[in-house]
Amino acid sequence: MLTKSLLSASRRYLTRHPWQTWLSIAGIALGVAVVIAVDLANESAKRGFRLSVEQVTGPATHQVISAGGSLPETLYAELRLEQGLTQATPVIDVPVRIGERSLTLLGLDLLAAASMRPDLRASLNRASAGTAAAPASPAGSPPRAALTEGPMHADADSDTGSQTSSQTSSQTSRQAATETSDETLSQPNSSGETRTSNGLVGLLRLLRDPATLALSRDDAARLGLKPGDTFKLDLGAASMPMTVAAILPEQANLSGLAITDIATAQEVLGRLGEIERIDLILTDAEAERVAAALPDGVRLEASAQRSNAIAHMTRAFHTNLTAMSLLAMLVGAFIVYNTMTFAVLQRRPLLGTLRMLGTTRSQLFALVLVETLALALIGALLGVLLGIAVGAGLVQLVTRTINDIYFQLSVRSLHLAPLSLLKGIGLGLGVTLLAALGPALEAARSQPRDVIRRTRVEGQARRLLPWLAASGVLLILIGLGLIALSARSMGIGFLALFLVIVGTALLMPLAVHGFASLTTPLFGHLFGTQGRLAARGITASITRSGLAVAALAVAVSATLGVSIMIGSFRASVSDWLANTLTSDIYISAESSSGASRGGDLPPELADQLLALPAVEALSQGRSNRIETRDGPVLTLALESSTGQPRGFRFQGPTAADLWPGWQAGRLILISQPLAYRRQLQVGDDLELFTTSGWQSFEIGAIFQDYGSDSGTLILPRSLYAEKWDDPAVSSFGITLADEADADAVSRQVETLLAQLDITTSVQTNRAIRELSLDIFDQTFTITKVLRLLAIGVAFVGILSALMALELERARDYAVLRATGMTRGQLRALILIQTSAMGLAAGLFAIPLGLAMGDLLISVINLRSFGWTMPMQVQPQTLISGLVLAWLAAIFAGIYPAIRAARAVPARALREE
């Protein structure tokens, strides 16, 4: 048990060395902050996705979806009437923009949805409604679309509903809503005063008036909109004037949604007679009955299954961020170990005296751990505050990356998840205490007769260096063995990577000792006596200098490894784009319908484009998401005027009759990520959900693809049109004659499209490559930020080590000053020493960075995303790592050098 005297001695020591104490706290705080910031950003993004799904689907347990991407609205009426379903609503949900804000336009049968969703019903009841006159329908807009009134409304006559035509019942609905509003909106109360039901006003306006929607109070405030205001709704390909019919209350968890009547959504999106899906609340028995009653090409799916498939897309992304944050914590552990080791070594005379006075080994062991725990608690608490601040900025980078790669996600604020905070604090305390075990054991096992002699301690440390290095080699071998045995496990892959990093770090003290010994003559030749003293000072204090170099080398090697991975990835993507984009100009129809497939281009446009003098060949394409047994997959249906498509780079063997079989519809092409994730090979069958139900298709080849980490299918357009009843074209690729000017032809194409009044995107091959690489660079912004944070932690670590070294060698420096060394020469000595440490860290970081880059590419990247690529190392990347380590050491050594030079020799020569 610790006595008050021991605790007082510990407190006095910590207060007498504030720089050492606070640098240790700073290292812990930075490590905890990075972990918490990344975890909070990840949790905020996951929570934003979960809330978005819950907002859109509500309590629905199942969804009816179609192979073609849309359902006839009559199917909804049939299900309501024939199956007796009361908990069902048709749905259209589309990503849209209002000003600078991304929202989801959610079209519902409001009366049916209100009976299913208490949150929506309560929100409409409490909504504040507009009183402005209803806007007129836009000129030339179609009549209000089309849902059978009987099935939609709980109080409707089912016989009448089943016999009334869609359009007639829609007109009846609007007329009934208008009459209801005239009679019921203003009613006298018992005092003769008139009262207004705001929620009813908003609901009736959404049902009655075209081009109206409801927004949450938060979204309306951010957009500066109020009830009755008119604004432009950006649909991608077009914009539509809309009016705010109601503002939903703050209590409603409907932020990010623009809610409208299903008929309004059909009119605005030009999808008359179509709905996207049907949401239902079903029991297991009802689900079996409904699934059996659905026609071919339509199926029932559990709502959770679809959301889980989408959430799975980002799992690897979140895991990679977490691994980067843990690397910062690993570097922080070096700081703690270095600080506590120095604290033990610096107090060896005191510890020896305490041992001779009767203090037990367990008490000294506990004393070091208690000191460490106190520092860890302060550092963890500061790390929480810093982590929240960093996480607020990091969440925007995470959201932007998810939007660029996966799907539209809106996260407006950082969610302070208690579990994330506790996880960061617990990890910080655990890593810190683990790092302090070595110094604590060293303090506990010291003999009273030895502790007074500091040179003996360093001698013992040097004798332990080979054993430390041997342990490092063993960890490296275990890590490599795990990689070979772990097959596809990403978690074990990261564990193996960390074992290699830690093992290499354990090798570095011996390497630093050897580096300093070998370079002593060189530094002596270059800098004279100061150079020799600087190099020998590194070996004399190997217990700290070796660990400081290891911490900096690990951080720099992480920068090198990630830079090599990103550089190799970027070069591979650039090469893939050059090989894949075989056409000179691309035309794509922008879809405003919100359907999974692309927009439609007129079929006669193909002949008009081929008639242009500079056009040699034309390819046609259609994009869609097709359901497989394991979730939807992006599908491209292609047709080329020259025969087989071009631009494919196949991985491994292909079917013998690949292109004839593909043209005949017997074979399909799949991307490498899809093959890796589903463990598919050439010759295997893949089941796809067609308009005729599930059908199997043989895989003819696996092609390289960096466009989607979830996978891509390539089908002939004729097969796609037949099996999915979708003969439309959404893109054209134009191949020009050799002498043609792509920019001039692009202008001709744009003029032709303008005459046809088609909203399209026309881009040259070069522009698409540039845009793709810009998005690639934006995607890795967050990785660069995390690398800088890791370097920041390492900078604090080497600064802590240099401060400790300056404090410990104060007597040595005082002797040098007393024998004639000037302040400038002493500053130069310390800066030469820090330069040597930075140079050593940079040199040792290069092989570790190369190993990390190889593991990131061949193990982590493959298991995370299913992509393979050759490792490409640029010389400037390695040089930049060396310069970064050297600069970090130089900047960290400036203050200790100034401080040592200012010290009074006479005071430093006195014994404590």
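Positions are given from 1 along the sequence. This one's a predicted model, so the numbers in the text were calculated from it and none came from an experiment.
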Query raised in the report: How far apart are the C-alpha atoms of Leu609 and Gln620, what are their side-chain angles, what is the distance that settles it, and do they pass the side chain to side chain contact (heavy atoms under 4.5 Å, CB included) test?
Result: CA-CA 11 Å; Leu609 291 172; Gln620 305 178 48; over 6 Å; no
**Report entry** Pair Tyr76-Leu71, side chain to side chain contact (heavy atoms under 4.5 Å, CB included): steps then yes or no
**Finding:** CA-CA 9 Å; Tyr76 169 63; Leu71 296 166; over 6 Å; no
Rounded to the nearest 0.5 Å, what separation is found between the [atom1] atom of [X] and the [atom2] atom of [Y]?
X: Ile668; Y: Leu719; atom1: CD1; atom2: CG; answer: 9.0 Å
X: Phe650; Y: Phe703; atom1: CZ; atom2: CZ; answer: 8.5 Å
X: Tyr720; Y: Glu639; atom1: OH; atom2: CD; answer: 14.0 Å
X: Ile262; Y: Leu106; atom1: CD1; atom2: CG; answer: 8.5 Å
X: Ile92; Y: Thr104; atom1: CD1; atom2: OG1; answer: 13.5 Å
X: Glu770; Y: Asn765; atom1: CD; atom2: CG; answer: 10.0 Å

Report task. Give a yes or no answer on whether the side chain of Thr635 reaches the backbone of Val633 with a donor-acceptor pair at less than 3.5 Å. Result -> yes
Query raised in the report: Counting N and O atoms only, with roles assigned by atom type, does the side chain of Arg717 sit under 3.5 Å from a partner on the main chain of Pro727, one being a donor and the other an acceptor?
Result: yes
Requested in this report: List the steps and the verdict of side chain to side chain contact (heavy atoms under 4.5 Å, CB included) for Val682 and Thr654.
Outcome: CA-CA 6 Å; Val682 173; Thr654 64; 5.7 Å; no
**Report entry** Arg666, CZ atom: more than 12 neighbouring heavy atoms under 6.0 Å
**Finding:** yes
**Report entry** Trp576 and Asp705: CA distance, side-chain angles, deciding distance, side chain to side chain contact (heavy atoms under 4.5 Å, CB included) verdict
**Finding:** CA-CA 7 Å; Trp576 169 72; Asp705 175 55; 3.0 Å; yes
Query raised in the report: Going by atom types only, do Asp725 and Thr691 share a side-chain donor-acceptor pair under 3.5 Å?
Result: no
Query raised in the report: Which residue pairs pass the ring-ring contact (aromatic ring centres under 6.0 Å, His included) test when at least one of the two sits in residues 602-625, sequence neighbours left out?
Result: none
Query raised in the report: With a 4.0 Å cut-off, would you call Arg678 and Asp684 a salt bridge?
Result: no
Query raised in the report: Does the pair Asp279/Arg277 count as a salt bridge with the N-to-O cut at 4.0 Å?
Result: yes
